[in-house]
Participant: 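Let me give you the structure first, and then I'll get to my questions.
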Amino acid sequence: MAKKNYILDTSVYLTDADALYKFDNHDIYVPLKVLEEIDKHKKRQDSVGINARRIIRTLDELRTKGNLQKGVRLDKGKGVLKVISYEVLKNVIFPSDLDLNIPDHMIIATAMAVREESTRKTSVVSRDINMRVICDSVGLPAEDYTTEKVVTSSDELYSGLATHLVDDQVVDRFYEGNDIIISEDEVKHKWHPNQYVLLVSNANEKKTCIARFYTHFQPLEKVIHSTIPDWKISSRNKEQAFAIDLLMDPDVKVVSLVGRAGSGKTLCAIASGLQQTIGLRGNNHYDRMIVSRPVQPLGKDIGFLPGTMEEKMLPWLMPIQDNLQFLVGGDKKTLQMYMEKGKIEIEALTYIRGRSIANAFIIIDEAQNLTAHEIKTIMTRVGEGTKIVLTGDIEQIDNVYVNETSNGLAHCVEKFKEFPIAGHVTFTRGERSEVATLASKVL
């Protein structure tokens, strides 16, 4: 394979601090402007700041192996990394209508200078769509950084549901309580543990039954839980029934729920958590419920907020408060009492690092705004006896460093689907209100 030159944009390093090592034996050029841009983010307290600090440390370690200006071998079998100064821009022919005072334009100009001095194919790698468009407009090859993607498109994401045609009598036998085992060679696509199956009669497509799959050597199981009794929550569609079934099963430690706005993800998760922490039925598997979400505002940030951590988090946690108050009957005093007793915690994700959380029902709302690294940080906090639920809509992402296929929620869905301790449901219908359902379709 012919060696290439790659110029990585700042956005790549801020997405993945290990990006340097993911280009095989190709050479990587780092414009000085990229180092300046990384430096601006190093004090941030989120994953972007973590990646900025990590890449700076990586470059500092490489500096001990040689001279970054002359080039340093990244590792055995890897290419050479070289930092390029502004000097190379003297002779580059760059469109006059692109301002070199803009960082992106300076990085593109540096890439053009590298291409002029080399016989190899030279390409810019960027997560920034507009930068890739500008590169193409000036005749410079550009590509997206795809290493972090778990699927090629959101349509390929594991849905947690399979449809399977069976003989008419199989549906009758399932309802009668007989064991139904579906062998591996009967299915077109691979089934996973805790996947739900819609059995459809091949004689009458309206004759169906829903079942939960474990393995091809075990009988299909009926959906046991479709209601949350103490909070008078009943499933309105089959996806909500699947979700409640997984949420109420203590053997399933990791549950991911993906769906559009108003489909009931958060409400089902919080109601199930309350049922199993402060419920009256005696099936309280957990000591407390912890609810959190990323601090990722829609639109412009409102700046630094005064007050305690709880008061600072309140604007971002209001959707969770809305659901909690709906479930406890709109009674703020009851909700406050449970929070004071430590039965319900509303936590900032920023402070979860270093904790070990045991015997808790954890809900991470809006998980589509987390990176794969942030999801890993959260999941590794889970202690003995704890269940973690991730909810989100991969079509509503407010974090500029992730997209539909590279976000942490998509990573979790795809990476955990093989394991019996995990389950996933994709919601397809909105149930919040007629207005919300119609808006999600037509707007």
Participant: Look at the side chain of His105 and the backbone N and O of Leu98, then say whether any donor-acceptor pair between them is shorter than 3.5 Å.
Facilitator: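 Not at all, since once roles are kept as given, no pair shorter than 3.5 Å links the two residues.
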
Participant: Taking 4.0 angstrom as the limit, do Arg63 and Asp60 come out as a salt bridge?
Facilitator: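 Yes, this pair counts.
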
Participant: Run the side chain to side chain contact (heavy atoms under 4.5 Å, CB included) check on Lys42 and Ile56 step by step: do they pass?
Facilitator: CA-CA 9 Å; Lys42 68 182 182 185; Ile56 291 168; 4.1 Å; yes

Participant: Without hydrogens or angle criteria, can the side chains of Gln275 and Asp230 be said to hold a donor-acceptor pair below 3.5 Å?
Facilitator: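 On atom types as modelled, these side chains qualify, holding a pair under 3.5 Å.
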
Participant: Would you mind reporting whether Leu81 and Leu68 have side-chain heavy atoms less than 4.5 Å apart?
Facilitator: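 Side-chain contact under 4.5 Å: yes.
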
Participant: So how far is it from Ile233 CD1 to Ile270 CD1, rounded to the nearest 0.5 Å?
Facilitator: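 The CD1 atom of Ile270 is 10.5 Å from CD1 of Ile233, to the nearest 0.5 Å.
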
Participant: Check whether any side-chain N or O of Asp39 sits under 3.5 Å from a backbone N or O of Leu35 as a donor-acceptor pair, and report yes or no.
Facilitator: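 Judged by distance alone, no pair lies under 3.5 Å.
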
Participant: Assess whether a salt bridge exists between Arg54 and Asp18, defined as any Lys/Arg side-chain N lying under 4.0 Å from an Asp/Glu carboxylate O.
Facilitator: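 A salt bridge links Arg54 with Asp18.
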
Participant: List the atom of Ser272, the atom of Leu247, and the distance in Å for their closest heavy-atom pair.
Facilitator: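 Closest heavy-atom pair between Ser272 and Leu247: OG-CB, 3.4 Å.
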
Participant: Considering non-hydrogen atoms only, spot the tightest contact between Ala243 and Leu257 and give its length.
Facilitator: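 Minimum heavy-atom separation between Ala243 and Leu257: CB-CD2, 3.8 Å.
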
Participant: Can a salt bridge be assigned to the pair Asp365 and Lys265 using a cut-off of 4.0 Å between side-chain N and carboxylate O?
Facilitator: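 Result for this pair is no, no salt bridge flagged.
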
Participant: For Lys376, does the NZ atom sit with more than 12 other heavy atoms under 6.0 Å from it, leaving out its own atoms?
Facilitator: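 Counting other residues, nucleotides and ligands, NZ of Lys376 stays at 12 neighbours or fewer.
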
Participant: Does the Asn51 side chain pair with the main chain of Thr15, one donor and one acceptor, at a distance under 3.5 Å?
Facilitator: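 Yes; judged by distance alone, with no hydrogens or angles, the pair exists.
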
Participant: Hey, could you give me the CG/CG distance between Asp97 and Asp99, rounded to the nearest 0.5 Å?
Facilitator: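 Here the rounded value is 10.5 Å.
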
Participant: Is there a donor-acceptor pair under 3.5 Å between the side chain of Lys343 and the backbone N or O of Asp287?
Facilitator: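 A pair under 3.5 Å: yes.
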
Participant: Nearest 0.5 angstrom please: Met337 CE to Ile344 CD1, how far?
Facilitator: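 The CE atom of Met337 sits 8.5 Å away from the CD1 atom of Ile344.
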
Participant: Mind checking whether Gln195 and Leu161 have side chains closer than 4.5 Å, heavy atoms only?
Facilitator: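 Answer no - side chains too far apart.
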
Participant: Show, in sequence, the C-alpha distance, side-chain angles and deciding distance for Val255 and Leu390, and conclude whether the side chain to side chain contact (heavy atoms under 4.5 Å, CB included) test is met.
Facilitator: CA-CA 6 Å; Val255 176; Leu390 303 166; over 6 Å; no

Participant: Hey, does Ile244 have a side-chain heavy atom less than 4.5 Å from the side chain of Ser226?
Facilitator: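 Not touching, per the 4.5 Å side-chain cut-off.
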
Participant: Only one of Tyr214, Tyr158, Phe419, Phe416 forms a side chain to side chain contact (heavy atoms under 4.5 Å, CB included) with His192, so which one is it?
Facilitator: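 When side chain to side chain contact (heavy atoms under 4.5 Å, CB included) is applied between His192 and each of Tyr214, Tyr158, Phe419, Phe416, only Tyr158 qualifies.
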
Participant: Tell me the closest heavy-atom pair linking Val291 and Met289, and the distance in Å.
Facilitator: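 Closest pair (atom of Val291, atom of Met289, distance): CG2-CE, 3.9 Å.
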
Participant: Would you indicate whether the side-chain heavy atoms of Ile378 and Leu370 approach each other to under 4.5 Å?
Facilitator: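 They are in side-chain contact.
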
Participant: So, are Glu345 and Arg288 salt-bridged, with charged N and O less than 4.0 Å apart?
Facilitator: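 Looking at Arg288 together with Glu345, the answer is yes, because their closest N to O distance falls below 4.0 Å.
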
Participant: Check whether any side-chain heavy atom of Tyr29 lies under 4.5 Å from a side-chain heavy atom of Thr110, and answer yes or no.
Facilitator: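 Result no, sub-4.5 Å side-chain heavy-atom pair not found.
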
Participant: Would you say that Ile290 contacts Ile357 through its side chain, given a criterion of any heavy-atom pair below 4.5 Å between the two side chains?
Facilitator: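 Side-chain contact under 4.5 Å: yes.
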
Participant: Verify side-chain hydrogen bond (donor to acceptor under 3.5 Å, both in side chains) between Tyr145 and Asp16, making sure each step is shown before the conclusion.
Facilitator: CA-CA 10 Å; Tyr145 181 64; Asp16 180 8; 2.6 Å; yes

Participant: Around atom NZ of Lys207, are there more than 12 heavy atoms of other residues, nucleotides or ligands at under 6.0 Å?
Facilitator: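 Above 12, so yes.
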
Participant: Any donor-acceptor pair under 3.5 Å linking the side-chain atoms of Thr277 with those of Asn284?
Facilitator: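 Thr277 and Asn284 do not have a side-chain donor-acceptor pair below 3.5 Å.
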
Participant: Between the side chains of Lys190 and Glu418, is the shortest nitrogen-to-carboxylate-oxygen separation below 4.0 Å, so that they form an ion pair?
Facilitator: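 Yes, this pair counts.
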
Participant: Thinking salt bridges, do Glu221 and Arg212 make one under a 4.0 Å N-O criterion?
Facilitator: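 So Glu221 does not pair with Arg212 through a salt bridge.
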
Participant: Can you tell me if CG on Leu198 sees more than 12 non-hydrogen neighbours from other groups inside 6.0 Å?
Facilitator: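 Yes.
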
Participant: In chain order, what residues pass the side-chain contact (heavy atoms from CB on, under 4.5 Å) check against Tyr175, with sequence neighbours excluded?
Facilitator: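 So Tyr175 forms a side-chain contact (heavy atoms from CB on, under 4.5 Å) with Val171, Cys209.
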
Participant: Could you measure the distance from the CG atom of Leu100 to the NZ atom of Lys33? Nearest 0.5 Å is fine.
Facilitator: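 That separation rounds to 10.5 Å.
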
Participant: With heavy-atom distances below 4.5 Å as the criterion, would you say the side chains of Val34 and Ile38 are in contact?
Facilitator: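 In contact.
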
Participant: So, using salt bridge (Lys or Arg N to Asp or Glu O under 4.0 Å) as the criterion, who are the partners of Arg53 when residues are at least two apart?
Facilitator: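 Testing Arg53 for salt bridge (Lys or Arg N to Asp or Glu O under 4.0 Å), a comparison that skips the adjacent residues, returns none.
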
Participant: Can you name the residues that form a ring-ring contact (aromatic ring centres under 6.0 Å, His included) with Phe427, not counting sequence neighbours?
Facilitator: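 ring-ring contact (aromatic ring centres under 6.0 Å, His included) list for Phe427, sorted by chain: empty.
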
Participant: Can you tell me if Asp9 and Ser11 form a side-chain donor-acceptor pair at under 3.5 Å?
Facilitator: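 Yes - a donor-acceptor pair under 3.5 Å links their side chains.
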
Participant: Indicate yes or no for a side-chain donor-acceptor contact from Glu404 to the backbone of Glu395 under 3.5 Å, with no hydrogens or angles considered.
Facilitator: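 No, the answer is negative, given that no donor and acceptor are paired below the 3.5 Å cut-off.
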
Participant: Between Glu186 and Ser183, does any side-chain donor sit less than 3.5 Å from a side-chain acceptor?
Facilitator: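 Yes - a donor-acceptor pair under 3.5 Å links their side chains.
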
Participant: Would the distance check show the side chain of His424 and the main-chain N or O of Ser256 forming a donor-acceptor pair, the cut-off being under 3.5 Å?
Facilitator: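 Such a contact is found between His424 side chain and Ser256 backbone.
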
Participant: Nearest 0.5 angstrom please: His285 NE2 to Gln276 CD, how far?
Facilitator: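 Separation between the atoms: 5.0 Å.
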
Participant: Thinking salt bridges, do Asp27 and Lys82 make one under a 4.0 Å N-O criterion?
Facilitator: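 Looking at Lys82 together with Asp27, the answer is no, because their closest N to O distance does not fall below 4.0 Å.
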
Participant: Short question: side chain of Glu366, backbone of Ser292 - any donor-acceptor pair under 3.5 Å?
Facilitator: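 Looks like no, no N/O pair under 3.5 Å.
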
Participant: If only atom types and distance count, is the side chain of Lys78 paired as donor or acceptor with the main-chain N or O of Tyr21 below 3.5 Å?
Facilitator: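 Judged by distance alone, yes, a pair lies under 3.5 Å.
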
Participant: Could you measure the distance from the CG atom of Asp393 to the CD atom of Gln396? Nearest 0.5 Å is fine.
Facilitator: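 Answer for the CG-CD pair, Asp393 versus Gln396, is 4.5 Å.
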
Participant: Going by ring-ring contact (aromatic ring centres under 6.0 Å, His included), Phe213 matches just one of Tyr196, Trp191, Phe242. Which one?
Facilitator: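 Exactly one option meets the ring-ring contact (aromatic ring centres under 6.0 Å, His included) with Phe213, and it is Trp191.
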
Participant: Can you give me the closest heavy-atom contact between Ile375 and Leu409, atom names plus distance?
Facilitator: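 What the structure gives for the nearest pair is CG1-N, 4.2 Å.
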
Participant: Mark yes or no for whether Asp245, through its side chain, and Ile224, through its backbone, hold a donor-acceptor pair below 3.5 Å.
Facilitator: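 Looks like yes, one N/O pair under 3.5 Å.
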
Participant: Assess, by modelled atom type and distance only, whether the side chains of Thr227 and His225 contain a donor and an acceptor separated by less than 3.5 Å.
Facilitator: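 The answer is no; no qualifying pair exists.
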
Participant: For a quick test of reading the model, state the closest non-hydrogen atom pair linking Ala269 to Phe361 and the distance between them.
Facilitator: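 For Ala269 versus Phe361, the nearest heavy atoms are O-CE2, 3.5 Å.
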
Participant: Can a donor-acceptor pair be found, under 3.5 Å and without considering hydrogens, that links the side chain of Arg132 to the backbone of Ser126?
Facilitator: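 Flag set: sc Arg132 to bb Ser126 pair under 3.5 Å.
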
Participant: Which atom names give the shortest non-hydrogen contact between Asn194 and Gly423, and what distance separates them?
Facilitator: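 Looking at all heavy atoms of both residues, the shortest contact is CB-CA, 4.2 Å.
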
Participant: Is there side-chain contact between Arg127 and Asp144, with heavy atoms separated by less than 4.5 Å?
Facilitator: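 In contact.
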
